[in-house]
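Worksheet: one structure, shown below.
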Amino acid sequence: MIIVPVALGSRSYDVHIENGALDRAGALLAPWIKRDRAIIVTDANVAATQLPRLRTALAGIEQHVITLAPGEGTKSWEQLEALTDQLLEVEVERGDHIIALGGGVIGDLVGFAAAILKRGCGFVQIPTTLLAQVDSSVGGKTAINSKAGKNLIGAFHQPGFVLIDPSVLDTLPPREQRAGYAEVVKYGLIDDFAFFEWCEANGAALLAGDMAARTHAIAKSVAAKARIVAADERETADLRALLNLGHTFGHALEADKGFSDQLLHGEAVAAGMALAFRFSAARGLCTAQDAARAAAHLNAAGLPDGLRAAGVTANGEALVRHMLHDKKMTGGTLPFILTRGIGQSFVDKSVGLAEVAAFLDGEER
Ligand code: NAD
Ligand code: GLY
C-alpha cells in the first residue's frame, strides 16, 4: 500500500494506492460516508465492470447509484443539470462526499457538480482509467465542456480522498490504457529523466498488465503531481503549467477531430508532446536526438507521435485557430511548454502563433 499526501493546508488529502483497494472500500471510505449511505456516480461501462465490486464492498450501507452515458459528451451542461437534479433529489448535503467512480469524464463532471451544489459539497475519487489514476483524479481541476471548447466551464475543487486500485485497469480497453500511458510518460519528459528511462525499459510490461510496473508508474506519477499541485495549486507560478506539456498542440488536434473518439485525449497529448519536442528542437532549444527519442518511445507504446499518426491533415493556420480558445491565453499571448531536453521542460511566453503555424505546416501529414 502506498499513501501519497497532497499537502494543501486545510484542504489536504491522501491518495491511497493499493492493489485490491476497491474491495476494501467499505473500510477505506468509512470516514467519508455520512448517514450510512453512499451516493455513487459512474458511467455505464464502469457500472458493468467495476461497480459490482464497490457495491459489494459497501454492502450494508444504503446505496444510491447514478449511471451516466460514457464518453466526453457527458461533460456537458445538459448532463450537469441532470446530475445536479438527481443529486438534489437524493438530498445530498454539504457534508456528504459523492463518490466519483470512473475515468476523467466522471471525475471532472462529479467534481464540478460537487463544487457548485449547495455552494460546495464533498466528493471522493475512485479513478478507473490509467489517465484518471495518474492525472485527473488528483489536483482538483473540475470542468465541463462548452460550445467554445473543452474544460472552459469549471472550478478548482479538491476531493476529500482518492482511492486508487490498479487492478480496476484489468477491464480497461487496451487503447484507453495506451492513452493513459501518454500522461505517465509526460512526467518523465517534464522533469524526471530517470523516470523516462524507466518508462523506456518498463512501458511494454506496464501496458501488458504487469501489476508491479503499473503500480510503480501510478505511484511515481501521483507523487509528481501531488508535489506540483501542492506548490502551485491554481497554476499561477509557472509550475503546474508544466503539466500541460503537449496539451496546447494536443488540444488543437483534438479540436480538429471534434473531440471525438477518432483521437482520445491521451493520444492527442502524445502527439502534442512529440510536436512540442520537435518545435523546441526547431527553435534550437533541445537536440533533434532528444526529440526523436521522445517520439520513438511514444511510437513504441502505440501512441501517435505527430500529425500524420494522429490522422490530422489540417494546415497550420487552422490548427492555431483552435489554440485561440485556450484558457491560458493572456493578453493575446499563449504560454507554451517547451523543453531543453528530456526532463527539462519550461514555460515559454515568447512564442508567436504565426511561428507555430509555420512549424506545423512543415510537419508530415
Ligand atoms: P473516460 O472517463 O471517458 O474513460 C475512457 C473510457 O473508458 C470510457 O468509455 C469509460 O466508460 C471507460 N472505462 C473507464 N474505466 C473503465 C474500466 N476500469 N473498465 C472498462 N472501461 C472503463 O476518459 P479518461 O481518459 O479517463 O478521461 C478523459 C477526460 O479527463 C477528459 O475529459 C479530460 O479533459 C479529462 N482530464 C482532466 C484532468 C484534470 O486534471 N481534471 C487531467 C487530464 C484529463
Ligand atoms: N492535468 C493538468 C493539471 O492537473 O494541471
Side-chain angles (χ1 to χ4, degrees), residues 6 22 41-54 67-76 79 100-112 115 125-145 149-159 162 164-184 186-187 190 221-222 224-226 228-237 239-248 250-251 254-255 259-261 263-269 327-328 337:
V6 184
L22 187 58
V41 184
T42 191
D43 75 26
N45 293 333
V46 181
T49 50
Q50 300 298 331
L51 177 65
R53 290 177 66 189
L54 179 60
T67 303
L68 306 176
E72 191 66 34
T74 293
K75 276 175 55 174
S76 66
Q79 292 290 328
L101 175 75
V105 164
I106 290 296
D108 280 13
L109 176 71
V110 173
F112 187 42
Q125 293 260 23
I126 306 184
T128 62
T129 62
L130 182 57
L131 182 139
Q133 294 191 342
V134 301
D135 189 357
S136 63
S137 64
V138 178
K141 279 189 180 174
T142 74
I144 58 168
N145 305 322
K150 232 172 98 97
N151 296 332
L152 292 180
I153 320 280
F156 285 97
H157 188 55
Q158 300 291 343
V162 183
I164 297 183
D165 180 348
S167 77
V168 303
L169 304 181
D170 287 346
T171 58
L172 188 68
R175 186 179 173 202
E176 297 288 353
Q177 307 254 6
R178 290 194 294 274
Y181 181 67
E183 302 277 10
V184 173
K186 182 182 78 175
Y187 293 105
I190 289 174
S221 303
V222 168
K225 180 137 189 195
I228 291 174
V229 167
D232 182 19
E233 182 187 10
R234 296 217 164 204
E235 210 166 299
T236 49
L239 184 57
R240 186 163 184 171
L242 296 177
L243 295 173
N244 296 323
L245 174 65
H247 282 56
T248 303
H251 237 87
E254 273 184 288
F259 297 103
S260 67
D261 285 355
L263 189 65
L264 301 178
H265 175 73
E267 293 169 342
V269 167
K327 289 186 291 303
K328 297 176 289 300
I337 313 306

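Whatever order the structure lists ligands and atoms in, that order sets their numbers, starting from 1. Values reported hereafter were calculated over all heavy atoms of this structure, with side chains retained and with hydrogens, waters and symmetry mates removed.
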Exercise for review: Supply the atom-to-atom distance His265 NE2 to Asn151 CG, rounded to the nearest 0.5 angstrom.
Suggested key: 7.5 Å

Check your understanding: Atom CD1 in Ile126, atom CG in Leu54: separation rounded to 0.5 Å?
Key -> 5.0 Å

Once you restrict both partners to nitrogen or oxygen, which atoms of ligand 2 have a protein partner under 3.5 Å, and how far apart are they?
{"residue": "ligand 2", "atom": "1 (N)", "partner": "Asp135", "partner atom": "OD1", "Å": "3.0"}
{"residue": "ligand 2", "atom": "1 (N)", "partner": "Asp135", "partner atom": "OD2", "Å": "3.3"}
{"residue": "ligand 2", "atom": "4 (O)", "partner": "Lys225", "partner atom": "NZ", "Å": "2.5"}
{"residue": "ligand 2", "atom": "4 (O)", "partner": "Arg240", "partner atom": "NH2", "Å": "2.8"}
{"residue": "ligand 2", "atom": "5 (O)", "partner": "Lys141", "partner atom": "NZ", "Å": "2.8"}
{"residue": "ligand 2", "atom": "5 (O)", "partner": "Arg240", "partner atom": "NE", "Å": "2.8"}
{"residue": "ligand 2", "atom": "5 (O)", "partner": "Arg240", "partner atom": "NH2", "Å": "3.4"}

Practice item. Please determine if Lys328 and Glu235 form a salt bridge, counting it only when a charged side-chain N lies under 4.0 Å from a carboxylate O. Key: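 Salt bridge absent between Lys328 and Glu235.
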
Ignoring hydrogens, what is the shortest heavy-atom contact between [X] and [Y]? Give both atom names and the distance.
{"X": "Phe156", "Y": "Glu233", "value": "CE2-O, 3.4 Å"}
{"X": "Val46", "Y": "Gly102", "value": "CG2-CA, 4.1 Å"}
{"X": "Ala179", "Y": "Leu264", "value": "CB-CD1, 4.1 Å"}

Practice item. Mark yes or no for whether Ser221, through its side chain, and Val184, through its backbone, hold a donor-acceptor pair below 3.5 Å. Key: no

Check your understanding: Is the side chain of Asp232 donor-acceptor paired with the backbone N or O of Leu239 at a distance under 3.5 Å, no angle test?
Key ->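 Yes: the side chain of Asp232 pairs with the backbone of Leu239.
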
Point to revise | Pocket residues of ligand 1, ordered first by chain and then by residue number (heavy-atom cut-off under 4.0 Å) | key: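 Contacting ligand 1 under 4.0 Å are Asp43, Asn45, Val46, Thr49, Gln50, Pro70, Glu72, Lys75, Gly103, Gly104, Val105, Asp108, Thr128, Thr129, Leu131, Asp135, Ser136, Lys141, Lys150, Asn151, Val168, Thr171, Leu172, Pro173, Glu176, Lys225, His265.
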
**Study point:** Option from Val168, Ile106, Leu172 for which side-chain contact (heavy atoms from CB on, under 4.5 Å) with Thr129 holds
**Key:**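 Testing Thr129 for a side-chain contact (heavy atoms from CB on, under 4.5 Å) against Val168, Ile106, Leu172 leaves exactly one candidate, Leu172.
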
